[in-house]
2 protein chains.
Amino acid sequence: MIGPRPVTIKDVAREAGVSYSTVSRVLNGYPHIHPDKRRRVLEAVDRLGYSVNLQARSLAGGHSQVIGLIVHDLGNPYTAQVVQSIDEALAHAEYELVLHTTHGHHHKEAVYVDILTRGMVDGLMMLIPLGPTPYLQQLHERRFPYVIICDHQQYDDFSPTVSTTSRQGAYDVMRYLIALGHRRIGFITGRPDFISAAERLEAYKAALAAYGLPLDPALIYTGDYQYRAAYTATTALLDLPQPPTAIFAANDLSAFAVYDVARSRGLRVPDDLSVAGFDDVPQSAYMHPALTTVRQPLLAMGEAATRLLMDTIADPNRPAERIVLPTELIIRESCQPPAHSERPFKPSAQPKGE
Amino acid sequence: MIGPRPVTIKDVAREAGVSYSTVSRVLNGYPHIHPDKRRRVLEAVDRLGYSVNLQARSLAGGHSQVIGLIVHDLGNPYTAQVVQSIDEALAHAEYELVLHTTHGHHHKEAVYVDILTRGMVDGLMMLIPLGPTPYLQQLHERRFPYVIICDHQQYDDFSPTVSTTSRQGAYDVMRYLIALGHRRIGFITGRPDFISAAERLEAYKAALAAYGLPLDPALIYTGDYQYRAAYTATTALLDLPQPPTAIFAANDLSAFAVYDVARSRGLRVPDDLSVAGFDDVPQSAYMHPALTTVRQPLLAMGEAATRLLMDTIADPNRPAERIVLPTELIIRESCQPPAHSERPFKPSAQPKGE
DNA sequence: TTGAAAGCGCTAACAT
DNA sequence: ATGTTAGCGCTTTCAA
């Protein structure tokens with residue numbers, strides 16, 4: 001890189017006729033400065049078009065005003081939305097965003113954490129759908145500010161966390177489907193190594209149990225949150241001797257696959273088959289029929305995570321806060337009572353447990 | 001941040017029993033080093049778990065191994081896809097990604113460019129749908145490596161650019177629709193201040209002219225690449241005394257709105273109304289009917305941009321290369337000959353011009 | 001082939 | 001209230 005040397009703090013100092021630490025003080029909002037000098041510095045900054053070199057500031061022990069975000073996969077709408085809201089919230093707080101994607105390789109997480117926390121960033125956000133790992137423990141011991149965003153509630157007991165009532169959300173779907181009168185409800189799971197997948201499966205089982213419905217293992221088919229696996233799963237489910245009257249897919253994308261299999265077999269949704277998803281990605285509302293699903297408060301998650309991280313940066317010793325955001329059952333058009341039931345099944349009493 | 005002090009190059013030097021500039025040399029692949037010392041250094045690095053502080057390296061005149069990406073809006077699938085592919089390509093090249101979103105505020109572009117190019121990054125990528133701006137000129141004069149990604153072909157004449165044959169893509173859609181027999185084709189434009197929108201509109205007009213079809217201004221309705229405006233536009237178009245038999249929307253999201261308006265009026269796509277979009281975002285294939293659209297080579301764009309930037313970093317004085325990637329007409333299910341035409345209209349001769 | 005030392009631009013003591 | 005100075009961790013001369 002050739003061309004005019006960037007304007008440094010020293011240029012400003014010379015231009016304003018003050019020492020360069022005074023310039024630094026003005027720039028960092030240090031209180032006791034003669035109004036005159038402050039004005040002169042500000043003018044010089046303006047005139048010269050100076051702006052701070054974040055690397056240098058950070059190296060010198062200041063803050064970098066950069067935060068690192070490590071995500072698992074940028075490709076799905078869920079992640080993309082959360083990233084966007086984090087990005088927006090961070091912009092308000094005048095922070096830069098360094099983004100790292102592990103592309104699904106878990107071993108890269110620790111590497112990226114290491115790179116980023118070596119002076120590069122003031123804080124770290126992790127949007128990684130996995131369980132506890134050693135680097136979190138280290139981060140915690142170093143009192144390095146970080147926050148975890150996950151769509152379930154338990155990670156470990158020392159990490160600041162933003163999560164959602166996703167288990168409850170899955171339960172809500174099931175309760176809704178059961179109340180509609182469905183007794184054979186198929187379930188397409190998420191990627192089994194994700195905690196979120198296990199949680200939703202548990203909720204599926206819990207709801208069945210709570211309403212005294214039998215658990216038929218044949219109705220549970222393992223997916224991976226992707227279209228293709230869900231397509232296969234749906235085919236298998238509908239080929240069952242006693243096929244389900246409703247299918248609950250562990251995420252919206254999987255639900256879209258259910259739509260397509262149904263359509264290819266001349267089955268109408270919801271008349272012949274009810275379908276519910278999870279996430280409420282933007283296109284779910286545009287589908288036909290519009291998908292009944294569980295909304296994850298994606299925007300709120302990003303905002304909460306940002307606030308939590310800012311608080312932690314301000315005081316790295318504060319106890320780990322955990323924010324749990326509510327999911328919401330979004331009832332649209334893809335579910336109705338099963339074709340052959342005379343009328344919706346009304347749970348007469350309280351479910352057992354819950 | 002408290003806790004164990006990060007391992008520095010000096011620690012490694014002490015551990016290996018060499019001077020710390022030797023460590024630096026080993027780490028940077030400097031050739032003339034005694035194999036023994038090299039081994040000892042490497043072992044010490046391993047034992048201590050050392051990794052370089054990118055800030056310091058960058059400040060000291062090395063490279064930061066970080067590249068900056070400025071995008072206009074992370075929220076749309078188009079951007080998200082390109083960002084993902086850039087991210088992936090960059091990871092292969094062992095670069096970090098600093099992401100900046102202007103959230104549509106053009107005045108922020110220059111600010112971000114300034115921040116990022118002050119030592120923070122080795123190169124810059126811009127995914128911003130606008131025309132020439134002064135900061136590009138400056139970047140060019142400084143020989144600061146950057147590349148522009150836009151979906152049209154002309155930006156300025158000195159910027160390395162990755163673009164697509166998007167004008168041709170729009171023309172292809174029109175030719176296809178015309179060949180199908182449509183004579184009244186509605187057009188929902190993109191956001192007027194985007195060059196891409198103007199280009200697609202031009203292509204629309206050019207195709208009409210080339211095939212000797214009249215240009216009815218009533219058939220052109222201004223949108224903004226968003227669902228809502230396209231919904232309004234479609235309503236207006238279908239309310240015309242002589243409504244179009246086909247609607248070409250300047251992006252897929254707008255085409256989805258056309259679907260919905262059609263559906264709400266009991267019009268079947270494509271039987272009663274043909275619909276074409278632009279972009280080929282992932283969900284377009286899942287819609288029913290599957291959307292005929294123009295595929296932008298989003299992944300290839302990210303890869304090409306990365307390669308171009310790497311080349312420019314390697315030699316900042318190389319002449320600006322422009323890579324133009326082909327779009328592709330993806331014919332799916334949403335278009336067919338107009339209901340009342342006896343048979344598809346076949347352009348008998350070459351169109352005039354093209 | 002290697003070590004010593006001078007900065008990169010900045011912040012934060014330490015002076016005054 | 002302000003100037004002086006010592007680093008932050010590293011790369012890169014410059015010597016040897």
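Each chain gets a letter, A, B and so on, in the order its sequence line appears, and its residues count up from 1.
Just one residue in the list L308(B), T161(B), V162(B), I148(B) forms a side-chain contact (heavy atoms from CB on, under 4.5 Å) with R322(B), and that residue is T161(B).
Distance CG (L54(B)) to C1' (dC8(C)): 15 Å, rounded to an integer number of Å. The CD atom of Q65(B) sits 14 Å away from the C1' atom of dT11(D) (whole-angstrom rounding). Taking atom CZ on R39(B) and atom P on dT2(C), their separation rounds to 12 Å, with Å as the unit. K10(A) has its NZ atom 9 Å from the P atom of dC10(C), to the nearest Å. One interatomic measurement links the two molecules: OH of Y30(A) to C1' of dA13(C), which rounds to 11 Å at whole-angstrom precision. Between the NE2 atom of H63(B) and the C1' atom of dC10(D) there is a distance of 11 Å, given to the nearest Å. The distance between atom CG of D11(A) and atom P of dG9(C), rounded to the nearest whole Å, is 9 Å. Residue Y20(A) contributes atom OH, which lies 11 Å from atom C1' of dA12(C) at whole-angstrom precision.
Contact between the side-chain N/O atoms of R57(B) and the OP1/OP2 oxygens of dG9(D) is not found at any separation under 4.0 Å. Phosphate proximity of dC8(D) to N53(B): absent, as no side-chain N or O sits under 4.0 Å from OP1 or OP2. In terms of phosphate contacts, Y50(B) brings a side-chain nitrogen or oxygen within less than 4.0 Å of OP1 or OP2 of dC10(D). When the side-chain nitrogen and oxygen atoms of K37(B) are compared with OP1 and OP2 of dG3(C), one or more of them lie within a distance under 4.0 Å. At dG9(D), none of the side-chain N or O atoms of T8(B) fall inside 4.0 Å of OP1 or OP2 (strictly under the cut-off). For dA4(C), the OP1/OP2 oxygens have no side-chain nitrogen or oxygen of S19(B) closer than 4.0 Å.
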Next on the checklist: For Y30(B) and S24(B): C-alpha separation, side-chain torsions, deciding distance, then whether side chain to side chain donor-acceptor pair (under 3.5 Å) applies.
Outcome noted: CA-CA 9 Å; Y30(B) 185 81; S24(B) 174; over 6 Å; no
Checklist entry - For T164(B) and Q296(B), what are the C-alpha separation, side-chain angles and deciding distance, and is it a side chain to side chain donor-acceptor pair (under 3.5 Å)? => result CA-CA 7 Å; T164(B) 66; Q296(B) 300 257 48; 3.0 Å; yes
When you compare the protein's N or O atoms with those of nucleotides 14-16 of chain D, which come within less than 3.5 Å of each other, and at what distance?
none

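Closest heavy-atom contact between V66(A) and L54(A): CG2-CD1, 4.5 Å.
Two residues, G17(B) and S58(B), neighbour DNA chain C, and the one matched to the more 5' nucleotide by heavy-atom proximity is G17(B). In terms of position along DNA chain C, the nucleotide closest to V18(B) lies nearer the 5' end than the nucleotide closest to the other residue of the pair Q55(A) and V18(B).
Comparing dC10(C), dT1(C), dC8(C) by their nearest atom to the side chain of A60(B) picks out dC8(C). Among the nucleotides dA5(C), dT2(C), dG9(C), the one closest to any side-chain atom of L59(A) is dG9(C). Relative to the side chain of S24(B), the nucleotides dT11(D), dG3(D), dC8(C) differ in distance, and dT11(D) lies closest. Distances were taken from every side-chain heavy atom of I33(A) (C-beta onward) to each of dT2(D), dT11(C), dT2(C); the shortest belongs to dT2(D). Candidate nucleotides dT2(D), dC10(D), dG3(C) were compared by shortest atom distance to the side chain of I9(B), and dC10(D) ranks first. Of the candidates dA1(D), dT2(D), dG9(D), dA1(D) carries the atom nearest the H32(A) side chain, counting heavy atoms from C-beta on.
Ring geometry for Y112(A) against H100(A) counts as parallel: the plane angle stays under 30°, on a 0 to 90° scale with 60° as the upper cut.
For S21(B) and dA4(C), a side-chain-to-base donor-acceptor distance below 3.5 Å is present, hydrogens and geometry of angles not being considered.
A donor and an acceptor atom, one from each side chain of D114(B) and S51(A), are located under 3.5 Å apart. Counted by atom type alone, Y146(B) and S159(B) present one or more donor-acceptor pairs between their side chains at under 3.5 Å.
A distance of 6.0 Å or more separates the ring centres of H103(A) and H105(A).
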